[in-house]
Amino acid sequence: MEYNFRDIEKKWQAAWRERKTYQVENTSPKPKYYVLDMFPYPSGAGLHVGHPLGYIASDIVARYKRLSGFHVLHPMGYDAFGLPAEQYAIQTGQHPAKTTEENINRYREQLDKMGFSFDWDREVRTSDPDYYKWTQWIFLQLFKSWYNHKAKKAEPIETLVKVFETEGFNGDEHEVLTGDIEQYVQQFTPAQWSAFSEKEKSNVLMNFRLAYLGEAWVNWCPALGTVLANDEVKEGVSERGGYPVERKQMPQWSMRITAYAERLLDDLNELDWPESIKETQRNWIGHSEGCSLKFRMEDSTIDIEVFTTRPDTIFGVSYMALAPEHDLVEIITKQDYKKTVAEYVKYAKARSERERMADVKNVTGQFTGAYVIHPFSGEKIPVWVGDYVLAGYGTGAVMAVPAHDSRDYTFAKQYNLPILEVITGGDVSKESYDAKEGKCINSQFLDGLEVKDAIKRAIAEIENRGLGKGKVNYRLRDAAFGRQRYWGEPIPIYYKDGVPTPLPEEELPLVLPEIDKFQPTETGDPPLGRAKDWKYKGQYDYELTTMPGWAGSSWYFLRYMDPHNEKEFVSKEAAEYWKNVDLYMGGAEHATGHLLYVRFWTKFLYDCFFIPVNEPAQKLINQGMIQGLSMIATVKVVHEGNEEKYLLVPPGEKVNGTFQKNYPVDAVKFLDGKYFIDEKGAAATREREAIFRNYFLSADRIELTPIVEKMSKSKYNVVTPDNICDDYGADTLRLYEMFLGPLEQHKPWSMNGITGVFGFLKRFWRMFFRIEKFFVSEEMPDEQELKILHRTIKKIKEDIERYSFNTCVSSFMIATNELMELKSSKRAVLEPLVIALSPFAPHIAEELWEKLGHKESVTTAAWPLVNEEYLVDDTFDYPVQVNGKVRFTYTASLHLKPAEIEERVLSTEEAKKWLDGKTPVKVIVVPKRIVNIVV
RNA sequence: GCCCUGGUGGCGAAAUUGGUAAACGUUGCGGUCUCAGAAGCCGUUGGGAAUAUCCCUUGGGAGUUCGAGUCUCCCCCAGGGCACCA
């Protein structure tokens, strides 16, 4: 009887759906296990073979954990809000909800084909009002909270109001509590606070709220007509679409993620995440220790505050540099320089981010005519404006030490500023010496100190004289939260007399209104400006921006726990039971986006006592990208005796295929798209005219250069899982994707080898049949069969637990080959193997399980036990382990040379005695022979 | 520039703690079955030689060890992250 995967898979997929095999309750006496995939954005292209890689791996873990006695939550949903659907809507007028719905249906169809064990009753869609009601609700909680830096947690804004009512706000004193925000908020007394108008109070509190509206430098993308968060901008262009991005200052809803910088950084150490992701997040958060330091102007009481990590080089300061955007630039510039400075600032601001980046070597600057006084030496130090100084980092001003900072060095060389060496170890006439090693010189009280000690000493002295204080700076910026877009969650805020006011919670969800067009309005307002039936329309202004794509995905893992709850975003009981994700599977591209935001929101919700965990996922695995293999094809043709070479496919329009003899040449598209080559190699279409008319083309003249790149619709290299399911079946696809190589590695898609996996399943199937009939023997297996079985079960268990799925597949193949050779078909051997195979190839496993006479699904079986006895290898071909671990170590003190070591082969009996560990003989176990050292 | 990850046959890759390097699969070659193809099945496939045997081989070089793909140091290469971050 043949392995008919089509019927088997259809049958079981229907059965699982009807019986709700994978539905889980929120209670169980079993231990819980939560396996989560990063939910997909349903794009128009459908799933390609890269998507399922992670889903298959997590499904294997989910199924394995179920067999091992865990109560497993394994849900799936859709990240349904986003730019592409809206771009498509703008172009075609199609409502994004419609295209999104269609795409979701297509995704679901594809997912169902692959036999995943998702509990679809828990499906979530971020664009569903029942879902985004709670996204909006969480936003309001953030709006109503501030970060208590002393308690290191978020608190209701009322507690801060109380502080203001009783103590007022004194920048310095309250810094411990509120963080360093002196520069934004004026000091006030309790009396002044109570005298403030509602609007003034609101403005003050805005500086503390975790979701806030404020003037902010944003990444403005004119082509998309919206602002973007830092992680959505790559190399000066938008991640989606690749359009140029400008820096622009505008009122903007933001998330105060910076408040959590320290915790986001510290808690990374506790997570079992890939080192590369943790490192990327550490870089992104960018912790740097140093100190602030004030420089007094020569002729006024204005101070310029800088941040430096190298206070030890304080005596090497030869000029100050301000960012062109710095507030003081205009104030301190001397009359004679006003015009040139203003011109320079204008020039610098006009330079786009991209230009500045492309032009890193070429620094520019302008002297302001002003001087500050060095706080220790008392010398006059010129103040410059330079565009290499970033407005957004530190204080937007630096003390320049050319001798020991390469950027200052370049600047000083260009404008002939002095270079003062204060640390030994380099040659500052040639280049700056940036290393934090050496001794201080020419530095008064720091002379002779090592850099490390000098830093401490300098900070102490600076604090002592009240010039500044030790400080930690983070590179992390607050995240822009408003998008000038339609297809996102409306921000539930309206403006009562100009005061941003939250919508009452009981009025949520604030449903996305219908609009007739998706473009911005004529007056340049976001699309929501077109909405006709808005709650407060005509009464109050309402917020027109929507939330960014990452809002809904920052808490979805919680909603799966309790997806239909209308009273809470997740019930206390559900959150208490499921805690957080045990295994989170997804792409590494979310390192500085989603994975940071979801940690931030989780910590916030934890602070508010809504959930019992402060990290979303304990274990994270990044499945590698499956890359598309594209071909650049050129052909040599002979034309009037001359050999000429043509590029068959225009650049950018490459053709998918494999670089083999059987390369499907007929798939190669010719030049302008009109010409094709058939498999014999002759140009074969009826339109074969024009320049190729008289040419003879043959396949062996076609030169193919393979290139590996990201799989994407625009590159014509997308392979979908559908045809593979049709041709070989889902079980083969699942096994094959796992067999491709280590899960975490990037790898180009290729069909090489799928026949091997397909052949394995067919052989596995055949083990259960004899002369076209299902047959298993009830005989007891012999020692050899038991060895194969137990070794295989043990290996697969261990390999799943270390997420090495490719080796699992190999183990199955080896076992099958060996059992086939023994012509073994005993129930006691095959039945456990079916259970072990079921996470990998669930359909075939279910079918065989049923044929073996079981009424219940194989998912209710238990993972087979391993009897260690059968793992002892009598032949001693390999170092032997019995009952766990037995180690033989050579004692180095014997100082034996190989020639002095007596070798002999031990009998099985002798070896077993030694393996008991009772005989105190030191041996070296070397494969194939056991060496007896005569002590 | 700084940080992270990796480098093993024609190819994808194994080698879990330092213990037979290349398991498993694919490709190639040879055979079998077939009218033929597909699918099976059998043999063979890192390199070199005096080929029942021996020697060499895990990016390069050194070191530790009875023993190194694995540990240490230096270098080279590839992929990814951050980047005038003071």
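Small disclaimer: the values here were computed from a predicted structure and weren't measured. Heavy atoms only: backbone and side chains are in, while hydrogens, waters and symmetry mates are out. Protein chains get the first letters and strands the later ones, always in sequence-line order, with residue 1 at the start of each.
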Item to check | Candidate nucleotides C24(B), C84(B), A14(B), ranked by approach to the side chain of Asn817(A) - the nearest | outcome: C24(B)
Checklist entry - Base, sugar-phosphate alone, or nothing: which one does Lys795(A) contact when heavy atoms must sit under 4.0 Å apart? => result base
Checklist entry - For Glu798(A), which contact category applies under a 4.0 Å heavy-atom criterion: base, sugar-phosphate, or nothing? => result base
Checklist entry - For Glu744(A), which contact category applies under a 4.0 Å heavy-atom criterion: base, sugar-phosphate, or nothing? => result nothing
Next on the checklist: Taking the minimum atom-to-atom distance to the side chain of Ser810(A), which one of A13(B), A23(B), U16(B) wins?
Outcome noted: A23(B)
Next on the checklist: Distance check needed: G25(B) C1' versus Leu740(A) CG, whole Å only.
Outcome noted: 11 Å
Checklist entry - Quick one: do Arg282(A) and Glu279(A) make a salt bridge, cutoff under 4.0 Å? => result yes
Checklist outcome for this item: Across every strand shown, the nucleotide meeting Watson-Crick or G-U wobble geometry with C33(B) (both distances under 3.5 Å) is none
Checklist entry - NA contact type, Pro274(A), heavy-atom cut-off 4.0 Å: base, sugar-phosphate, or nothing? => result nothing
Checklist entry - Between Asn622(A) and Gly586(A), is there a donor-acceptor pair closer than 3.5 Å when you use the side chain of the first and the backbone of the second? => result yes
Checklist entry - Are the charged groups of Glu801(A) and Lys797(A) less than 4.0 angstrom apart, N to O? => result yes
Item to check | Nearest-Å distance once atom P is located in both U70(B) and G63(B) | outcome: 14 Å
Checklist outcome for this item: Separation of U5(B) atom P from Leu620(A) atom CG, nearest Å, is 15 Å
Checklist entry - Parallel under 30°, tilted from 30 to 60°, perpendicular over 60°: which one fits the rings of Tyr415(A) and Trp384(A)? => result tilted
Checklist outcome for this item: To the nearest angstrom, the CE-P distance between Met738(A) and G25(B) comes to 19 Å
Next on the checklist: Parallel, tilted or perpendicular: which one describes the rings of Tyr433(A) and His404(A), with boundaries at 30° and 60°?
Outcome noted: perpendicular
Checklist entry - Do the non-hydrogen side-chain atoms of Leu595(A) and Thr280(A) ever get within less than 4.5 Å of each other? => result no
Checklist entry - Lys747(A) side chain to Gln745(A) main-chain N or O, any donor-acceptor pair under 3.5 Å? => result yes
Item to check | Ring centres under 6.0 angstrom apart (Phe5(A), Tyr728(A)) | outcome: no
Item to check | Whichever of Asp405(A) and Asp799(A) has its nearest RNA chain B nucleotide further upstream toward 5' | outcome: Asp799(A)
Item to check | Pairwise P distance, C54(B) and G59(B) [rounded to whole Å] | outcome: 26 Å
Checklist entry - If we take the P atom in both G48(B) and U27(B), what is their distance in whole Å? => result 23 Å
Checklist entry - Taking the same atom, P, in C4(B) and in C75(B), what whole-Å distance lies between them? => result 14 Å
Checklist outcome for this item: Residues Val306(A) and Thr395(A): closest non-hydrogen pair is CA-OG1, 3.3 Å
Next on the checklist: OP1 or OP2 of A23(B) versus the side-chain N and O atoms of Arg791(A): is any pair under 4.0 Å?
Outcome noted: no
Checklist entry - So, is Gln281(A) close to the C82(B) phosphate, meaning a side-chain N or O under 4.0 Å from OP1 or OP2? => result no
Checklist entry - Think Ser288(A) has a side-chain N or O under 4.0 angstrom from the OP1 or OP2 of A86(B)? => result yes
Checklist entry - What is the distance from CZ of Phe805(A) to P of A14(B), rounded to the nearest Å? => result 13 Å
Checklist entry - Quick one: is Tyr393(A) getting a side-chain N or O under 4.0 Å of the A86(B) phosphate, OP1 or OP2? => result yes
Checklist entry - According to a strict under-4.0 Å criterion, is Arg475(A) in side-chain N/O contact with OP1 or OP2 of A83(B)? => result yes
Checklist entry - Out of G25(B), C84(B), U5(B), which has the shortest distance to the side chain of Glu275(A)? => result U5(B)
Checklist entry - Checking Trp765(A) side chain against Glu2(A) main chain: does a donor-acceptor pair fall under 3.5 Å? => result yes
Checklist outcome for this item: Quick note, Phe739(A) side chain, CB onward, closest among A86(B), C3(B), G12(B) is G12(B)
Checklist entry - Counting only side-chain N and O atoms of Arg763(A), is one of them less than 4.0 Å from OP1 or OP2 of C41(B)? => result yes
Checklist entry - Is the distance between the ring centroids of Tyr388(A) and Phe411(A) less than 6.0 Å? => result yes
Item to check | Set of side chain to side chain contact (heavy atoms under 4.5 Å, CB included) partners for Glu818(A), sequence neighbours left out | outcome: Ile788(A), Arg791(A), Ile814(A)
Checklist entry - Taking the chi torsion of G9(B), is it syn (within 90° of 0) or anti (everything else)? => result syn
Item to check | Opposite nucleotide pairing with U53(B), Watson-Crick or G-U, both atom distances under 3.5 Å | outcome: A49(B)
Next on the checklist: Measuring from the side chain of Leu390(A) (C-beta onward, heavy atoms only), which nucleotide among A86(B), C82(B), A13(B) has the closest atom?
Outcome noted: A86(B)
Checklist entry - What does C2(B) pair with, Watson-Crick or G-U, if both distances are under 3.5 Å? => result G81(B)
Checklist entry - Considering Watson-Crick and G-U wobble pairs with both distances under 3.5 Å, what does C66(B) pair with? => result G19(B)
Next on the checklist: Please give the distance between the C1' atoms of G69(B) and A22(B) as a whole number of Å.
Outcome noted: 11 Å
Item to check | Span that lies between the P atom of G6(B) and that of A13(B), in whole angstrom | outcome: 14 Å
Item to check | Per-nucleotide protein contact string for nucleotides 73-78 of chain B (B base, S sugar-phosphate only, - none; heavy atom under 4.0 Å) | outcome: ------
Item to check | Between C1' of G40(B) and CH2 of Trp765(A), the distance in whole Å | outcome: 18 Å
Checklist entry - What is the distance, rounded to the nearest whole Å, between atom CD of Glu289(A) and atom P of A86(B)? => result 12 Å
Checklist entry - Looking at the side chain of Thr308(A), which of C3(B), A86(B), C84(B) is the nearest nucleotide? => result A86(B)
Next on the checklist: Using whole Å, what does the distance between atom C1' of nucleotide G81(B) and atom CH2 of Trp273(A) come to?
Outcome noted: 16 Å
Checklist entry - Is any side-chain N or O of Asn806(A) closer than 4.0 Å to OP1 or OP2 of C24(B)? => result no
Checklist entry - C4(B), C84(B), A13(B): which one has an atom nearest the side-chain heavy atoms of Gln745(A)? => result A13(B)
Checklist entry - When rounded to the nearest Å, what value does the distance between C1' atoms of C74(B) and A21(B) take? => result 26 Å
Item to check | Nearest listed nucleotide, side chain of Thr592(A), among C3(B), C24(B), C82(B) | outcome: C82(B)
Item to check | Residue matched to G25(B) through Watson-Crick or wobble contacts both under 3.5 angstrom | outcome: C11(B)
Checklist entry - What is the distance, rounded to the nearest whole Å, between atom CD of Glu279(A) and atom P of C82(B)? => result 12 Å
Item to check | Any strand: nucleotide that pairs with C73(B) via Watson-Crick or wobble, under 3.5 Å | outcome: G61(B)
Item to check | Among A14(B), A15(B), G81(B), the nucleotide that comes nearest once only the side chain of Thr280(A) is considered | outcome: G81(B)
Checklist entry - Taking the C1' atom of each, how far is C84(B) from C77(B), in whole Å? => result 28 Å
Checklist outcome for this item: Residue pair Gly756(A)/Asp408(A) against RNA chain B: nearer the 5' end by closest nucleotide is Gly756(A)
Next on the checklist: I want to verify a distance call: between A23(B), A86(B), G40(B), whose nearest atom is closest to the Ile814(A) side chain?
Outcome noted: A23(B)
